[in-house]
Amino acid sequence: MDQPAAPNGKKVLIIEDEQFISDLYVRALTRAGYDVKLVIDGQQALEAAQTNQYDIILLDIMLPNLTGTEILRRLRDLKQTPQLKAKVIITTNLELDEQGRADMESHADGYIVKAEVTPKELVAFLDQLQFNS
Amino acid sequence: MDHLTQAITQIRARVWLVSLLIQVGLVGAGYWLYHHPALPLWQILSISGMAMVLSSALIGIVAGSLAKLPLAAMGQAILHIAPNEAGIKAPTFEDLRIGRQYVTSLAYQLYQIASLQDNKILSEHRREATQASTILNHLPLPVFVFNKQQLVTYASETALAYCGTDSTALFGKALYDVADMEFPSSRTLESWITECQKDKVTDSAYWRRVRIKLPGEDKAIRQCDMAAFYNRDNPKGVEFIITLFDRTQEYNQDDESLNFVALAVHELRTPLTVLRGYIEALEDELAGKADPELTEFMHRMKASSQQFSAFVNNILNVARIEQNQLEIKLSEEKWDEVIRSAGSDMEIRARPLGKEIIYDIAADLPTVAADRVTVYEVICNLLDNAIKYSANSKQITIKAAKTKDGLVETTVQDQGVGIPGSVLPSLFEKFHRNHRNRSQVSGTGLGLYLSKTIINAHGGDIWVKSKEGEGTVVGFTLKPYATLADELKSGNNSDELVRTAHGWIKNHSLYRR
């Protein structure tokens with residue numbers, strides 16, 4: 001079994017309403033040294049993200065109350081949200097059409113199909129992210 | 001014609017009168033000279049000669065001026081009604097001393113003919129205009145006509161009915177006040193018009209899947225194809241014309257069928273994510289603790305979840321192909337890396353079945369032009385088939401080498417059951433499976449169909465050789481990046497290597513940033 005890693009100082013907001021999946025992500029990221037906060041409701045997720053205290057935001061698309069697409073739109077609207085320091089990574093099992101994908105790509109920092117990435121691969125992916133600061 | 005005779009009589013009478021007067025004068029002068037014989041004979045003769053010349057000139061002038069007046073009046077009348085002459089006044093026939101009635105009557109005839117001609121042109125024009133609008137109004141397509149300022153100047157009845165409005169609500173309005181239009185790319189009607197007005201005289205354009213929202217229809221969005229024609233400074237003021245082809249039903253059906261697959265894929269992927277996640281967690285937790293049998297169970301679960309995942313992606317890819325959305329984005333790839341990466345994924349499947357993947361990759365392979373995501377699936381599908389159909393043989397060989405034509409050829413070989421010659425030709429068809437093994441082997445029969453579509457979209461070929469009982473070799477070719485880059489450089493200026501067959505949406509790119 002892998003030993004839990006030392007805290008790496010990075011704060012991650014996981015926005016995910018599927019409990020089995022969020023449990024896996026919280027477990028894997030916490031063990032990898034990330035400081036993790038989980039939100040399952042779209043509206044609450046938006047408010048949490050707008051506090052701008054996270055380094056990484058994992059954003060699901062199908063969410064209760066407010067969709068991930070809408071959350072992303074509002075997060076990138078400078079009238080509603082300050083310039084975020086966080087990298088926003090879309091985590092979804094949805095198949096977007098070319099237009100939806102293009103929208104996501106222009107606004108998000110990364111895109112992951114959950115079924116194709118195991119929790120450990122997700123950690124490896126997040127470890128690769130380059131931060132400006 | 002009486003007037004003509006009358007005019008000729010008038011002219012003749014005047015010329016005759018003038019001649020008579022002159023001749024009387026000449027006779028008088030002759031008589032006077034005869035009674036004053038102071039002059040010698042030669043002088044008398046020369047004076048009378050000069051008098052005759054003068055009188056002839058005088059008669060000529062009088063006759064000319066008499067004939068000129070009616071001709072000038074007629075000329076003026078013709079010019080007066082000529083379409084290209086402006087500012088010529090109508091002649092005043094009252095001033096004419098000679099042939100007044102004749103000229104008046106001729107001019108009257110002329111004006112009559114001219115006005116008849118005018119009426120004819122006008123009626124023809126009206127008939128044409130009516131015909132045009134009748135055609136437009138009976139055309140089952142909405143047609144809109146715009147002027148230079150992009151305001152609606154005409155809309156066919158179908159167009160009015162389509163917009164559910166009348167002409168007053170439409171005419172004189174700007175285009176984007178009439179309806180909200182959403183174009184699938186940045187090439188919009190507006191950008192096209194701007195482009196046309198900059199440097200085009202005439203042009204036409206066509207858009208697919210334009211989403212149109214009409215005022216007062218909050219939810220109903222129509223999906224149309226749109227055709228437009230542009231004509232700079234058209235004298236009739238028709239700057240551009242737009243026609244709509246309503247495809248709402250058709251496109252909505254497409255969207256729904258795509259939505260169904262997308263929904264099914266989403267529903268399948270959610271439990272798959274959970275299974276793969278917990279299998280990984282269990283593997284970690286049990287590593288070194290569980291007995292070999294439990295560890296083997298773990299491997300089988302992992303292999304099965306991976307197979308499940310590949311199946312979901314195949315289904316999705318087939319749906320994409322059916323929707324004409326196969327799009328291959330070629331970039332430079334190190335081919336041995338791609339092969340080994342796909343192979344190591346497939347080893348998870350091979351190992352629990354006691355099979356081994358052997359790599360035979362030439363050292364001098366050039367980089368290839370490939371779409372990594374889709375070509376990766378081709379390798380996985382071919383290896384998957386080899387694993388399924390290799391029966392008791394243990395080795396699967398994946399080989400890559402340069403052909404004598406300079407292509408990169410990859411083969412996957414097994415020593416399995418082989419494929420009967422009768423089914424070889426239909427092997428790459430959709431839902432084809434090796435029928436003989438249906439009872440023993442699972443699978444959808446989509447793998448080779450997908451592989452062929454993907455490889456062909458890369459500009460490569462795929463083939464199969466098989467002998468029953470001796471195994472199967474499936475091979476495909478890809479082009480070296482260098483040759484394709486040259487090809488594209490000479491062809492067009494696109495800096496991105498894009499080759500499309502039916503279009504494609506990448507389904508699971510892991511690291512997109």
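Everything quoted here is computed from the prediction, not taken from an experiment. To find a chain, count down the sequence lines: A is the first, B the second, and so on, and within it residues start at 1.
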(message) Can you tell me which portion of B:F308 sits under 4.5 Å from chain A's heavy atoms? Options are side chain, backbone, both or neither.
(response) neither

(message) Out of B:Q306, B:R276, B:E267, B:E280, return the one with the most heavy atom pairs under 4.5 angstrom to chain A.
(response)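 Looking at each of B:Q306, B:R276, B:E267, B:E280 in turn, B:E280 comes out on top.
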
(request) Determine the option with the most heavy-atom pairs under 4.5 angstrom with chain A, choosing from B:L272, B:T270, B:L268, B:V265. (result)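 Among B:L272, B:T270, B:L268, B:V265, the one with the most close pairs to chain A is B:T270.
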
(message) Could you check whether A:R31 pairs with B:E285 (Lys NZ or Arg NE/NH1/NH2 to Asp/Glu carboxylate O, under 4.0 Å)?
(response) yes

Considering non-hydrogen atoms only, spot the tightest contact between [X] and [Y] and give its length.
X	Y	answer
A:P119	B:G277	CD-CA, 3.6 Å
B:N313	A:E116	ND2-OE2, 2.8 Å
B:Y278	A:F20	OH-O, 3.1 Å
B:R269	A:L94	NH1-O, 4.2 Å
A:R27	B:A281	NH1-CB, 3.6 Å

Within 6.0 Å of [atom1] in [X], more than 12 heavy atoms from elsewhere:
X	atom1	result
A:Q19	CD	no
B:K334	NZ	no
A:I40	CD1	no

(message) Rounded at 0.5 Å granularity, tell me how far OG1 in B:T273 sits from CG in A:L122.
(response) 11.5 Å

(request) To the nearest 0.5 angstrom, please state how far the NE2 atom of B:H266 sits from the CD1 atom of A:I61. (result)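 Answer rounded to 0.5 Å: 8.5 Å.
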
